[in-house]
Amino acid sequence: MTDKIMECITSPVKCKLLLEIYSQGQATAKHLSDTLGDIPQATLYRNLKKMLSDGVLKVVDETQIRGTVEKTYALAFNLKEDFETIITENSGTLYMQVFTQYFLGFAKQFREYCKSPNINIKEDMSGFSLAHIYLSDEELTELMKSISNVIHAAEKNEPKAGRKLRTLGLIVSPPENAK
């Protein structure tokens, strides 16, 4: 299943469909077509059918409309698995599902920002980066504690003039070829 989800995330059309269905909770092909007008209808239906057969989507409702059946789609996997279970089972598959939820949630927010008519990348101080660093387990633990302390202190900030609500995301991962 994880491979099929990753396939969706790396495909521009499937990723748009996945993000929209995720953000809405469920969606019809008509809603997707109206919302994602840059996707030709035949391409939209072909990708929905493939995502359905791959088990990424499921049909949660069918409504009879003028001699045809309108399907309502939702994600077919539960992204809200108990994190402790994932750690206890040391399950890469479940861990990937949780990461996918994190990624989709952040991607949805980022997409909405990018679609905003008021986007100002420099003034909004928006950005992202990767840093490859060598750290011992102890050094990584200390770094994560330091970052966590700084973030937790900032989370206590109250809204006021000059402050903008911002979202920070942090991912720690071994490099692709690490053993």
Side-chain angles (χ1 to χ4, degrees), residues 1-27 32 35-36 39 44 47-60 72-116 119 121 124-155 165-179:
M1 171 61 94
T2 303
D3 292 341
K4 299 298 181 184
I5 295 168
M6 288 307 296
E7 179 184 316
C8 290
I9 291 170
T10 59
S11 162
V13 171
K14 288 179 182 176
C15 188
K16 285 181 183 183
L17 295 171
L18 194 66
L19 283 171
E20 185 60 24
I21 293 168
Y22 175 77
S23 67
Q24 297 299 315
Q26 57 185 36
L32 294 168
T35 305
L36 307 170
I39 301 175
L44 182 134
N47 281 279
L48 285 174
K49 182 178 179 182
K50 178 73 171 131
M51 293 167 75
L52 193 60
S53 70
D54 285 347
V56 174
L57 297 179
K58 64 183 176 182
V59 175
V60 294
T72 302
Y73 300 93
L75 299 182
F77 47 94
N78 181 358
L79 292 174
K80 298 188 186 210
E81 294 289 338
D82 178 37
F83 200 72
E84 286 303 316
T85 302
I86 293 167
I87 293 171
T88 302
E89 292 180 10
N90 200 31
S91 170
T93 300
L94 294 176
Y95 195 41
M96 186 63 207
Q97 287 179 352
V98 171
F99 176 78
T100 301
Q101 178 184 13
Y102 169 86
F103 169 79
L104 288 174
F106 210 165
K108 173 184 173 259
Q109 184 175 334
F110 199 78
R111 177 187 69 178
E112 294 306 312
Y113 167 70
C114 291
K115 288 172 34 178
S116 168
I119 188 172
I121 297 167
D124 294 338
M125 300 177 70
S126 179
F128 44 90
S129 67
L130 291 175
H132 301 282
I133 53 179
Y134 289 96
L135 299 170
S136 68
D137 290 351
E138 294 78 21
E139 291 168 326
L140 176 59
T141 300
E142 283 305 310
L143 177 62
M144 295 306 295
K145 282 181 186 176
S146 297
I147 291 170
S148 181
N149 288 338
V150 169
I151 291 172
H152 286 310
E155 285 177 323
L165 183 61
R166 304 171 193 276
T167 302
L168 298 176
L170 179 64
I171 300 167
V172 176
S173 175
E176 192 171 342
N177 296 321
K179 299 217 180 207

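Just so it is clear, the model here is predicted, and its values are computed rather than measured. All heavy atoms count here, side chains included; hydrogens, waters and symmetry mates do not. When a residue number appears, it is its place in the shown sequence, counting from 1.
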Student: I would like to know whether Asp54 and Glu7 meet side-chain contact (heavy atoms from CB on, under 4.5 Å); could you show each step before the answer?
Tutor: CA-CA 10 Å; Asp54 285 347; Glu7 179 184 316; 4.1 Å; yes
Student: Considering residues, nucleotides and ligands other than Ile171, do more than 12 of their heavy atoms fall under 6.0 Å from its CD1?
Tutor: yes
Student: Show your working on side-chain contact (heavy atoms from CB on, under 4.5 Å) between Leu17 and Tyr73 and close with a plain yes or no.
Tutor: CA-CA 10 Å; Leu17 295 171; Tyr73 300 93; over 6 Å; no
Student: Leu44 and Ile39: which non-hydrogen atoms are nearest, and at how many Å?
Tutor: N-CG2, 3.7 Å
Student: Which residues pass the side chain to side chain contact (heavy atoms under 4.5 Å, CB included) test with Leu130, not counting sequence neighbours?
Tutor: none
Student: To check you understand the geometry: which heavy-atom pair defines the closest contact between Gly25 and Ala74, and what is its length?
Tutor: O-CB, 3.6 Å
Student: I'd like to check the side chain to side chain contact (heavy atoms under 4.5 Å, CB included) partners of Val150; sequence neighbours left out, ordered by chain and number.
Tutor: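 None.
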Student: I'd like to check Ile21 versus Leu32 (side-chain heavy atoms, cut-off strictly below 4.5 Å). Are they in contact?
Tutor: yes
Student: Please assess Leu75 against Leu18 for the test side-chain contact (heavy atoms from CB on, under 4.5 Å), listing each intermediate value before the final yes or no.
Tutor: CA-CA 8 Å; Leu75 299 182; Leu18 194 66; 3.4 Å; yes
Student: Where is the tightest heavy-atom contact between Val60 and Gln26, given as atom of each residue plus distance?
Tutor: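 Heavy atoms only, the tightest pair is CG2-OE1, 3.4 Å.
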Student: Give the ring-plane orientation class for Phe103 versus Phe99, where under 30° counts as parallel, over 60° as perpendicular and anything between as tilted.
Tutor: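 Rings of Phe103 and Phe99: parallel, as their planes differ by under 30°.
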Student: On a heavy-atom basis, which atom in Phe106 and which in Gly169 lie closest, and how many Å separate them?
Tutor: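 Phe106 and Gly169 have their closest heavy atoms at CE1-CA, 3.4 Å.
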Student: Filter on salt bridge (Lys or Arg N to Asp or Glu O under 4.0 Å), then keep only pairs touching residues 130-144, sequence neighbours left out; what's left?
Tutor: Glu142-Lys145
Student: By the salt bridge (Lys or Arg N to Asp or Glu O under 4.0 Å) test, which pairs, at least two apart or in different chains, include something from residues 85-102?
Tutor: none
Student: Can you tell me how far SG of Cys114 sits from CD1 of Ile121, rounded to the nearest 0.5 angstrom?
Tutor: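 Separation between the atoms: 6.5 Å.
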Student: Using the test side chain to side chain contact (heavy atoms under 4.5 Å, CB included), find all partners of Ser23 that sit at least two apart in sequence or belong to another chain.
Tutor: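 Expected list: Glu20, Lys108, Arg111.
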Student: Any sub-3.5 Å donor-acceptor pair from Ser11's side-chain atoms to Cys8's backbone N or O?
Tutor: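 Not confirmed, Ser11 side chain does not pair with Cys8 backbone.
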Student: Can you list the residues that meet the side chain to side chain contact (heavy atoms under 4.5 Å, CB included) rule with His152, with sequence neighbours excluded?
Tutor: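 With neighbours one apart ignored, the set is Ser148, Glu155.
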Student: Out of curiosity, Asn47 CG to Leu36 CG, how far, rounded to the nearest 0.5 Å?
Tutor: 11.0 Å
Student: Which heavy atom of Ala76 sits nearest to which heavy atom of Gly55, and what is that distance?
Tutor: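 That closest heavy-atom pairing would be CB-O, 3.1 Å.
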